[in-house]
Trainee: 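Have a look at this one before I ask anything.
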Amino acid sequence: MASSWTWKKAIKVGAAAATAGGGGCALLYLTSVYNSDRKKEQVQQKLAASGLNKRPSKPLPTRADQLNSLANEQFDVLIIGGGATGSGCALDAASRGLKTAMVEYDDFSSGTSSRSTKLIHGGVRYLQKAIMNLDIEQYKMVKEALHERANLLEIAPHLSFPLPIMLPVYKWWQLPYFWAGIKAYDLVSGGDCLKSSYILSKSRALELFPMLKKNELKGAIVYYDGMHNDARMNISIAISAVRLGASVANHVKVVDLIKTDGIVSGAKVRNQLTGEEFSINAKSVINATGPFTDSIRKMDDGQTRDIVCPSAGIHIMLPDYYSPSNMGLLDPATSDGRVIFFLPWQGLTIAGTTDTPCPVTNSPGPSESDIQFILSEVKNYLTPDIDVRRGDVLSAWAGIRPLVKDPNAGDTASLVRNHVVHVSDSKMVTIAGGKWTTYRAMAAETVDEAVEAAQLGVGPSMTDGLLLEGAHNWAPTMFIRLVQDLGVDTAVAQHLSDTYGDRAFSVGKMAGLTGQRWPIVGRRIHQEFPYIDAEVRYAVKEYAATAVDVIARRLRLSFLNVQAAEEALPIVVSIMADELGWDKEEQDKQTEDAMDFLRMQMGKDLNKASRDNIPVSLTKAEIAEYVKRFNALDDGKKGYISINDIRKSLKSQGVILTNEDVSALMATISVETHGSLDLPEFLQMMSAIKSGTVSHSRFAKMAEMDYKAKKYGEHMERSGGGV
């Protein structure tokens, strides 16, 4: 019988449906809610009977244990690829009782799955096309995605949540048009509707989103989709598979497939960290490698045609003041027809995405032109009071979306709108395409094909409603217990709860003493973010094996602020060295690899280039002032000023810079200047700050304060500014 909560929701949205489309639509909606509620009850009964939703209590196997298992045991299914779909296949297979193996070339979610827009959505645009073109297949695709959206919010409530998204309206005729489309989105959701959409007046829209451009604004429509921490969600899926007995390993590359009598029966693999090679034997092999799908397909059949059409999506991170903390924005029609989202995420603002053809690569990076495109579109929707600056881009990254052609179709020119599951003549199963939201349904369909191809003889998928790692005993108020029981500060406790769910206590208990009155434990690895030392240690238990694994996927720091990630890197490497026994040579290698990652894939090089390429555009008076400032700071008239110059001067005034202060200052000066700036470089820095290409600089701020103190005898305060 449907719960009272569901029927209250049904009545509320059903009333809106009656207004939009008449009583018939309302009746259809209510019927959909009732059927959905009955199905959920049946699913929960099935999971309860199977025992799959009990919280696992055994510790995770070590990475060494996992590698030993992969090398020495026989498996029913081997999954190649540890992204969302591959990890979903591993969980689906393990939940059916299959002996399951999974290997990932890099780290879990290191590819497309960690570089998404962070939305869990059904696809408003796809529904519009389905209605306009009377396309039943597209309608079914949206209906499936809406169910998967609701399911993901239920099985990982600590990692996902409903997010209101505003659609601003600047023409009167758009108001009823958009409202009808968004209300149809609610109706198609049926019992899986997160919250009902609604219309806002101009004044109310500006109250909720004060950054919006006011001129010609008529009002707005707000609808709901889901949002999540994509990399952590991916890792949780993989860990959930391990809890059910799957053997998984990251940093293991497939170098060839094994065939027995023409049938794929395993793979030869290489441990990327040690170079050791071994074989994994399995009755069925699933290729879930996203953009790299064709490379595995060609190992099976060198003559097979490519089916992946890679497309790069760029996102940028901006400071929190660019958006409200609890509402996103959708730009449905950009200057070139693409859609731009503008969303609060992890305390900052994410903006994207683009859609540009690109080559398949292990290290995709953003382009300056795409960053400028996003900034330009952002500027179009924000009030002129906000200066949208290139220097406000905290990080930027590219994700490769694997659009696919159907290998079974005669026409190879057209792309499929959803995903493709293909079984080759040698019985290898390939899953490609689709989107994050529908990973579970795609995985279930893929494992169904593998079970049939290898005659494995197990029942249907059990993952609809199956709780993920950390969800079993989690409650929204759990962070309070973390504060009270462990002595961590509130922001850290909230972060731990929202990231690890009911495993947050296991993380918190590994935290070191702060040496302060409060918080008692939980040393932050960077003062601007709630990440603590214990998370690095816990990440190693969850198979993090490189510094990049931690700063990119476990902590998300590189995605949020590339400069902060660089500043936190020494602490991360030091903790991992303790856990993994790294010597000085390995620590240096990890640091170098992480810096390459930040430079090439997280936008650090582009941020530097945008600053260095700015011409000096200062007035004569400004140049004269900055030359005076430079000469006053150049101790010994060397022709350059260094951090040591400023440090010595401040020390003479009673201001002592800590090692952290010096490291932060060093990070603002490019490596090529060897920790110093000559006059042209100093003028260029000041010009970049003036133009907004650099938002602010600790070095420039310290230099200015030191100069004023020397000239006017002002009292010095230690700067706490950003980079």
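Numbers here simply count residues along the sequence, with the first being 1. This is a predicted model, so every value here is computed, not measured.
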Trainee: With rounding to the nearest 0.5 Å, note down the distance linking CD1 in Ile525 to CD1 in Ile571.
Mentor: 6.5 Å
Trainee: Can you list every pair that meets salt bridge (charged side-chain N to carboxylate O under 4.0 Å, His left out) and has a residue in residues 228-252, with sequence neighbours left out?
Mentor: Lys118-Asp230, Asp230-Arg556, Arg232-Glu542, Arg243-Glu469
Trainee: Measure across Ser497 and Ala475 and return the closest heavy-atom pair with its distance rounded to 0.1 Å.
Mentor: OG-O, 4.3 Å
Trainee: Tell me if a side-chain donor or acceptor on Ser247 pairs with a main-chain N or O of Ser69 at a distance below 3.5 Å.
Mentor: no
Trainee: Dump the intermediate steps for side chain to side chain donor-acceptor pair (under 3.5 Å) on Asn234 and Ser87, then the final yes or no.
Mentor: CA-CA 7 Å; Asn234 192 156; Ser87 296; 3.1 Å; yes
Trainee: For Lys589 and Asp593, what are the C-alpha separation, side-chain angles and deciding distance, and is it a side chain to side chain contact (heavy atoms under 4.5 Å, CB included)?
Mentor: CA-CA 6 Å; Lys589 178 182 181 300; Asp593 289 347; 2.8 Å; yes
Trainee: What's the separation between atom CH2 in Trp397 and atom OG in Ser558, rounded to the nearest 0.5 Å?
Mentor: 9.0 Å
Trainee: Is the side chain of Ser114 donor-acceptor paired with the backbone N or O of Ser109 at a distance under 3.5 Å, no angle test?
Mentor: yes
Trainee: Under 3.5 Å, side chain of Asn561 to main-chain N/O of Ala564, donor-acceptor pair present?
Mentor: yes
Trainee: Closest approach of Ala493 and Val488, non-hydrogen atoms and distance?
Mentor: CB-CG2, 3.7 Å
Trainee: So, the side chain of Gln590 versus the backbone of Ala547: is there a donor-acceptor pair under 3.5 Å, distance only?
Mentor: yes
Trainee: For Trp436 and Tyr439, take the angle between the two ring planes, folded into 0 to 90°, and tell me which bin it lands in: parallel under 30, tilted 30 to 60, perpendicular over 60.
Mentor: perpendicular
Trainee: Do Leu343 and Leu348 have side-chain heavy atoms sitting under 4.5 Å apart?
Mentor: no
Trainee: Using a 4.5 Å cut-off on heavy atoms from C-beta on, say whether the side chain of Met576 contacts that of Val536.
Mentor: yes
Trainee: Do Ser367 and Asp370 get their side chains close enough for a donor-acceptor pair, meaning under 3.5 Å?
Mentor: yes
Trainee: Would you say that Met317 contacts Ser395 through its side chain, given a criterion of any heavy-atom pair below 4.5 Å between the two side chains?
Mentor: yes
Trainee: What are the two closest heavy atoms between Pro344 and Met327, and how far apart are they?
Mentor: CD-O, 3.3 Å
Trainee: Does the side chain of Val562 reach to within under 4.5 Å of the side chain of Leu394, using non-hydrogen atoms?
Mentor: no
Trainee: A side-chain contact here means heavy atoms from C-beta on lying under 4.5 Å apart; do Phe529 and Leu557 qualify?
Mentor: yes
Trainee: Would you say the side chains of Arg440 and Thr463 form a donor-acceptor pair under 3.5 Å?
Mentor: yes
Trainee: Just checking Tyr531 against His526, ring centres under 6.0 Å apart?
Mentor: no
Trainee: Roughly how far apart are Ser160 OG and Leu468 CG, rounded to 0.5 Å?
Mentor: 9.0 Å
Trainee: To the nearest 0.5 angstrom, please state how far the CG atom of Leu482 sits from the NE2 atom of His495.
Mentor: 11.0 Å
Trainee: Taking Tyr185 for the side chain and Gly123 for the main chain, is one N or O donor matched with an acceptor at less than 3.5 Å?
Mentor: yes
Trainee: Do Glu567 and Gln563 have side-chain heavy atoms sitting under 4.5 Å apart?
Mentor: yes
Trainee: Using modelled atom types and a 3.5 Å cut-off, is there a donor and acceptor pairing between side-chain atoms of Ser424 and backbone atoms of Met428?
Mentor: yes
Trainee: Using side-chain heavy atoms (C-beta onward) and a distance below 4.5 Å, is Val248 in contact with Gln66?
Mentor: yes
Trainee: Using 4.0 Å as the upper bound for N to carboxylate O, is an ion pair formed by Asp300 and Arg297?
Mentor: no
Trainee: Take Phe341 and Thr353, measure what side chain to side chain contact (heavy atoms under 4.5 Å, CB included) needs, and give me the verdict at the end.
Mentor: CA-CA 7 Å; Phe341 284 97; Thr353 178; over 6 Å; no
Trainee: Can you tell whether the side chains of Glu535 and Arg554 come within less than 4.0 Å, N to carboxylate O?
Mentor: no
Trainee: Would you say that His419 contacts Thr446 through its side chain, given a criterion of any heavy-atom pair below 4.5 Å between the two side chains?
Mentor: no
Trainee: Salt-bridge test for Arg524 and Asp533: reply yes if a basic N is under 4.0 Å from a carboxylate O, no otherwise.
Mentor: no
Trainee: Just by distance, do the side chain of Asp294 and the backbone of Val308 share a donor-acceptor pair under 3.5 Å?
Mentor: yes
Trainee: Report the C-alpha distance between Lys604 and Glu566 in whole Å, list the side-chain angles of each, state the deciding distance to 0.1 Å, and finish with yes or no for salt bridge (charged side-chain N to carboxylate O under 4.0 Å, His left out).
Mentor: CA-CA 10 Å; Lys604 181 173 175 59; Glu566 180 181 352; 2.8 Å; yes
Trainee: So, do Phe505 and Tyr500 have ring centers that fall under 6.0 Å from each other?
Mentor: no
Trainee: Tell me yes or no: between the side chains of Arg63 and Asn250, is some donor less than 3.5 Å from an acceptor?
Mentor: yes
Trainee: Hey, mind stepping through Leu244 and Thr100 against side chain to side chain contact (heavy atoms under 4.5 Å, CB included) and telling me if it holds?
Mentor: CA-CA 9 Å; Leu244 294 180; Thr100 304; over 6 Å; no
Trainee: Give the intermediate values and the outcome of side chain to side chain contact (heavy atoms under 4.5 Å, CB included) for residues Leu466 and Asn53.
Mentor: CA-CA 6 Å; Leu466 180 64; Asn53 259 348; 3.4 Å; yes
Trainee: Do you know which two heavy atoms are closest between Gln601 and Pro364, and how far apart they sit?
Mentor: CG-O, 3.5 Å
Trainee: I need the Leu47 CG to Asp464 CG distance, nearest 0.5 Å.
Mentor: 8.0 Å
Trainee: Between His422 and Glu449, is any side-chain donor less than 3.5 angstrom from a side-chain acceptor?
Mentor: no
Trainee: Between Asp192 (side chain) and Ala150 (backbone), is there a donor-acceptor pair under 3.5 Å?
Mentor: no
Trainee: Of the non-hydrogen atoms in Ala101 and Ile280, which two are nearest, and what is the gap between them?
Mentor: CB-CG2, 4.4 Å
Trainee: Between Ser323 and Thr349 (side chain of the first, backbone of the second, donor and acceptor by atom type, cut-off under 3.5 Å), is there such a pair?
Mentor: no
Trainee: Going by atom types only, do Ser461 and Asp92 share a side-chain donor-acceptor pair under 3.5 Å?
Mentor: yes
Trainee: Any donor-acceptor pair under 3.5 Å linking the side chain of Asp355 with the backbone of Ile314?
Mentor: no
Trainee: Could you tell me the separation between the OG1 atom of Thr438 and the CD atom of Glu445, rounded to the nearest 0.5 Å?
Mentor: 10.0 Å
Trainee: Start with the C-alpha distance between Asp65 and Thr62, add both sets of side-chain angles, then the distance that settles side chain to side chain donor-acceptor pair (under 3.5 Å), and finish with yes or no.
Mentor: CA-CA 5 Å; Asp65 291 337; Thr62 66; 3.0 Å; yes
Trainee: Take atom NZ in Lys509; do more than 12 heavy atoms of anything else shown fall under 6.0 Å from it?
Mentor: no
Trainee: Given salt bridge (charged side-chain N to carboxylate O under 4.0 Å, His left out), test Arg149 with Asp225 step by step and report yes or no.
Mentor: CA-CA 8 Å; Arg149 178 190 69 175; Asp225 260 327; 2.7 Å; yes
Trainee: Between His158 and Gly470, which heavy-atom pair has the shortest distance, and what is it?
Mentor: CE1-C, 3.7 Å
Trainee: In terms of ring plane angle, is the pair Tyr543 and Phe108 parallel, tilted or perpendicular, where the classes change at 30° and 60°?
Mentor: perpendicular
Trainee: I'd like to know if Asp76 pairs up with Arg96 as an ion pair, taking the criterion as any Lys NZ or Arg NE/NH1/NH2 lying under 4.0 Å from an Asp or Glu carboxylate oxygen.
Mentor: no
